[in-house]
Enquirer: 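This is the structure I want to talk about, given as structure tokens.
We use all heavy atoms of the structure for the numbers below, so side chains are in, but hydrogens, waters and symmetry mates are not. Nothing fancy with the numbering, it's 1 onward along the sequence. For ligands, and for the atoms within them, numbers begin at 1 and follow the listed sequence.
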Amino acid sequence: EKGGFDHFMLKEIHEQPKAYRDTMLGRIDESGRKVVLPGLKLSDEKIRSLTSVHVIACGTAYNAGLVGGTAIEQLVRIPVMNDVASEYRYRSPLITPETLVIVVSQSGETADTLAALREAQANGAHVLAITNVVGSSIARDADDVIATLAGPEIAVASTKAYTSQLIAFYLLGLYMAQVRGTQSADDVAHVIAAMHSLPEQVESMLAQADTVKAYAEQIASHEHLFFIGRGLDYSVVQEGSLKLKEISYIHSEAYAAGELKHGTLALIEEGVPVIALATQETVLEKTVSNIKEVKARGADVMAITHEENVPDLLKSVDQALAIPKTLPLLTPALSVVPLQLLAYYAALARGNDVDKPRNLAKSVTVE
Ligand code: F6R
């Protein structure tokens, strides 16, 4: 049942290339230049009338929504707000019929997410669900569904569902951009072409898992560590940090790199591991300055970046890991993979039950 892997989590990490392909299948037209979303009820007229997008979910699905929200904002140039379902549902959010509410849920059964969906519908919004379970309560009640085709996810720690949710968001963002004319046909085709390369790029990273394993064994003896990043890198480290906490039980915090000096820098002392995700070229230099700030306080820094940046970064960090290059917007679909592996191998090194971490359930159907 685990297909030769020691744990469901590792199997599911390795299923990501297939999950990417399956989630894209049938959603790109024959020319390879256009996204099609068969069965979508959201009309072109409705898409044109939208004034805002709310992205609502819990846990890892929320983290996927952070990347997804940025993708929509960049591609469609429409204001996007992200919130966790347990906050959104109780704070009388400003929802109008011109709001598109996107709920994200692997299981489709998360109680708070379902309640948020109902709150949105009661206020006249069109609710689109991104879910992995087409027969779920959320899929049934939503006005529209974009199914992630990740296949069943057994491990409590979500991996392939998260990355498939990213793919679904990229497709939706491109689709909305086509309708609203915010991206040229060539730009859309360019993103689609890059998306087609993602599965192979993930495979190449999986083939180099040993480097991550060695680093995971180093951090396994620590009780606290930090992740830093800017922009989409910040969104991805939030997922990396959650993954690490839930299965390795190492306390970690993900910080927007520029925010550290506003308080948290006080926690950096000799030998504290800091993992810096530095893939977003427009803010790379800024992230490097933040890396220098933590280095000066004794942090032990691992940078995850593109090959071309490694020589330069190695002047200011202790170790570096290179990931393949894609468009900045798509990079989360690659950069999260070493972070998943890091959590997995750290949990393994600590002798934890990787697939069934303490205190957690796969599907949270109570508030
Ligand atoms: C983390 C994890 C949880 C879920 C969250 C939402 O690895 O699995 O954070 O992501 O409970 O679950 P779904 O997506 O089923 O609504």
Enquirer: Does atom NZ of Lys18 have more than 12 heavy-atom neighbours from other groups under 6.0 Å away?
Expert: no
Enquirer: Would you check if the side chain of Asp300 reaches a backbone N or O of Gly271 as a donor-acceptor pair within less than 3.5 Å?
Expert: no
Enquirer: Could you tell me if Tyr162 and Thr60 have a donor-acceptor pair between their side chains, going purely by distance under 3.5 Å?
Expert: no
Enquirer: Go through Ile154 and Glu12 one step at a time and tell me if the side-chain contact (heavy atoms from CB on, under 4.5 Å) criterion holds.
Expert: CA-CA 8 Å; Ile154 311 293; Glu12 289 161 4; 3.5 Å; yes
Enquirer: Looking at Val127, is its backbone amide N or carbonyl O close enough to the side chain of Asp143 to form a donor-acceptor pair, meaning the two atoms are under 3.5 Å apart?
Expert: yes
Enquirer: Is ligand 1 less than 4.0 angstrom away from at least one heavy atom of Ala157?
Expert: yes
Enquirer: Is the shortest N/O to N/O distance between Ser105 and ligand 1 below 3.5 Å?
Expert: yes
Enquirer: How far is atom 3 (C) of ligand 1 from the closest protein heavy atom, and which atom is that?
Expert: Thr60 N, 4.0 Å
Enquirer: Checking the N or O distance criterion of under 3.5 Å, is ligand 1 in contact with Lys362?
Expert: no
Enquirer: Hey, is the main chain of Glu119 close enough, under 3.5 Å, to the side chain of Asn123 for a donor-acceptor pair?
Expert: yes
Enquirer: So Leu330 and Leu327, side-chain contact (heavy atoms from CB on, under 4.5 Å) or not? Walk me through it.
Expert: CA-CA 5 Å; Leu330 302 182; Leu327 300 175; 4.3 Å; yes
Enquirer: When you measure from atom 6 (C) of ligand 1 to every protein heavy atom, which one gives the shortest distance, and what is it?
Expert: Cys58 O, 3.3 Å
Enquirer: Under 4.0 Å from any heavy atom of Gly59, which atoms of ligand 1 are there?
Expert: 9 (O)
Enquirer: Is it the side chain, the backbone, both or neither of Val156 that has a heavy atom closer than 4.0 Å to ligand 1?
Expert: backbone
Enquirer: Tyr249 ring centre to Arg358 NZ or CZ under 6.0 Å, with the angle to the axis within 45°?
Expert: yes
Enquirer: Between His14 and Phe5, how do the two ring planes meet: parallel, tilted or perpendicular, split at 30° and 60°?
Expert: tilted
Enquirer: Quick one: does ligand 1 sit under 4.0 Å from the side chain of Lys243, the backbone, both or neither, non-hydrogen atoms only?
Expert: side chain
Enquirer: Show me which atoms of ligand 1 lie under 4.0 Å from any heavy atom of Ala61.
Expert: 10 (O), 14 (O)
Enquirer: If you have a sec, work out which protein heavy atom is nearest atom 11 (O) of ligand 1 and how many Å separate them, to one decimal?
Expert: Val364 CG2, 4.0 Å
Enquirer: Compute the shortest N/O to N/O distance between Glu246 and ligand 1 and return yes if it is under 3.5 Å, no if not.
Expert: yes
Enquirer: Which of the numbered atoms in ligand 1 are under 4.0 angstrom from any heavy atom belonging to Ser158?
Expert: 7 (O), 8 (O)
Enquirer: Of the protein's non-hydrogen atoms, which lies at the shortest distance from atom 14 (O) of ligand 1, and what is that distance?
Expert: Gln106 N, 2.6 Å
Enquirer: May I ask you to identify the nearest protein heavy atom to atom 15 (O) of ligand 1, giving residue, atom name and distance to one decimal place in Å?
Expert: Ser107 OG, 2.6 Å
Enquirer: When you measure from atom 12 (O) of ligand 1 to every protein heavy atom, which one gives the shortest distance, and what is it?
Expert: Thr110 OG1, 3.5 Å
Enquirer: Does a sphere of radius 6.0 Å around CD in Glu217 hold more than 12 heavy atoms from other residues, nucleotides or ligands, not counting ones at 6.0 Å or beyond?
Expert: yes
